[in-house]
Amino acid sequence: KAGDHTARNLTPKPALRYCEGEIKSFSDKQMLREFSTTKPALQEILKEVLLDNRNEVVKHQVIPRSFQFEEFGNYVFVGIRRAGKSFLLYQRIQELLHSGHTWNEMLYVNFEDERLIGMTAADLNLILEVHAEMSTDRPMLFLDEIQNIDGWDKFVRRLADNKYRAYVTGSNAKMLSQDVATTLGGRYITVHVYPYDFKEFLYANGVEVTENSLFATESRAEIKRIFNDYFRSGGFPEGASLAAKRDYLTSVYQKIYLGDIAARHSIENTFALRILFRKLAESIKQPVSFTRITNIVASTGVKISKNTVINYMEYAKDACLLIPIQNIADKLVERETNPKYYFADNGILNLLLLDADTSLLENLVAVTLLRRYGTDDAVFFYNRNVEVDFYLPDIGVAIQVCYTMNLSDETFQREVQALVKLNKVFECRQLLIITYDDEERIELEKCAIEVIPVWKWLLGK
């Protein structure tokens, strides 16, 4: 009988590490949790985890991200799985070690470590207790994928209230929700982490961009060659230097939609979920209402309700897979219900499409704008009588995306005219058309429109 077992009958580590896999007769999760996480056992395992992580973190060869840490800031990093949130923690730890700090002043815990299965918010304070056994110094805490612990935010708030330095990561956008923000009460700087930008991707592939790189024939050709890879395979840090990128991307995508979405939310109809994401990928350049996407998915023969679609879309946003951009010309309710959806990385989008180039170009521009300017009322599209792909009201910039430039082409002329008409509604400081590789300057009706290749725009040129 399960109730006859006691902690002394089991060695502490296997009790916590293997109980979920071996004790299959437990139907009550709370019983399993109480059985497997006795305080002495968890303390021993936490000590093992903390000591193991000291060795593991310093082994990682970290490509520095384009991020500057505030000296006394507390951070919550959120983003799609494998975007490099853990690498940011490694980067910060290695910076501190190189500046003279020691592990006596730091600790790192990854809550996806299988040794910590069954840990609850009530156990989090044991991390401080175990560190105190090993060091008298007050630690800076690096807490990775903490969304796996329900109620984590109360503990993290208490850390800040007690003047601890804490760096927290998670793969769920609800960590940036209003409820959590209220709980943390302005004590943490929240940062949305995306996969590598193009400069970081170049650096990861051994290319450093200088002022002369774009003019010298050889270096310019190398930049464009690597961009072609980045354009189609995306910027997930662990996949940046892999030859078999598609296999890696497939595994990441399956982990997101089967693990972070389907398993977490007990979705049994994973086929409908997969069809939904594929149809969203095919609709990447146009606004999508819940009714419209429900009808599109239903047209494939999949039975799915509108409410189910709404739930699935929310789960995908929570997993940071999809990012909506709203129409600035719409009323508030219409903005929420009829946005454009973009995928957090081009590599995943490319898995879902055939003949994807035009969609990949617009998706890459969207994600870059969101990375640069944020997701809170900074980036919109405009659709009223004319359609403009992106409008940034705070800086007065309007952007059209057009794969190739042909001045006599009807589609290109429509893109140009839309910018001119938008400029009469909102006086813009800059009008851009971003292409794959074309460059030009257009003067029309007292408007100066700059046509620029996307790879050059990504480098800030």
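The number of heavy atoms from other shown groups lying within 6.0 Å of OH (Tyr203) does not exceed 12. Residue-environment remark: CZ (Arg372) exceeds the threshold of 12 foreign heavy atoms within 6.0 Å. Within a 6.0 Å radius of CZ in Arg82, other residues, nucleotides and ligands contribute 12 heavy atoms or fewer. By the neighbour-count criterion of 12 heavy atoms within 6.0 Å, atom NZ of Lys421 is sparsely surrounded, having that number or fewer from other residues, nucleotides or ligands.
The only option from Phe77, Tyr75, Tyr167 that meets the side-chain contact (heavy atoms from CB on, under 4.5 Å) definition with Ile189 turns out to be Tyr75. Of the candidates Ile293, Val302, Leu352, Lys279 forms a side-chain contact (heavy atoms from CB on, under 4.5 Å) with just one, namely Ile293.
Taking both residues in full, the closest heavy atoms of Ala448 and Arg441 are given as CB-NH2, 3.3 Å, listed atom of the first, atom of the second, then distance. Residues Leu370 and Ile323 approach most closely at CD1-CG2, 3.5 Å, considering heavy atoms.
Aromatic ring centres of Tyr403 and Tyr436 lie closer together than 6.0 Å.
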Per-pair distances, 0.1 Å, donor-acceptor, side chain in residues 246-257, under 3.5 Å, sequence neighbours excluded:
unit_1	atom_1	unit_2	atom_2	d
Tyr248	OH	Glu238	OE1	3.3
Thr250	OG1	Arg246	O	2.9
Ser251	OG	Tyr248	O	2.6

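Residues satisfying the ring pair (Phe, Tyr, Trp, His ring centres under 6.0 Å) criterion with Tyr108, sequence neighbours excluded, are Tyr90.
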- List the steps, then state whether salt bridge (Lys or Arg N to Asp or Glu O under 4.0 Å) holds for Asp437 with Lys224. CA-CA 9 Å; Asp437 200 33; Lys224 292 174 70 173; 3.1 Å; yes
- Step-by-step salt bridge (Lys or Arg N to Asp or Glu O under 4.0 Å) determination, Lys199 to Asp197: CA-CA 6 Å; Lys199 283 184 180 179; Asp197 65 24; over 6 Å; no
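With hydrogens and angles left out, the side-chain atoms of Asn311 and Thr308 include no donor and acceptor closer than 3.5 Å.
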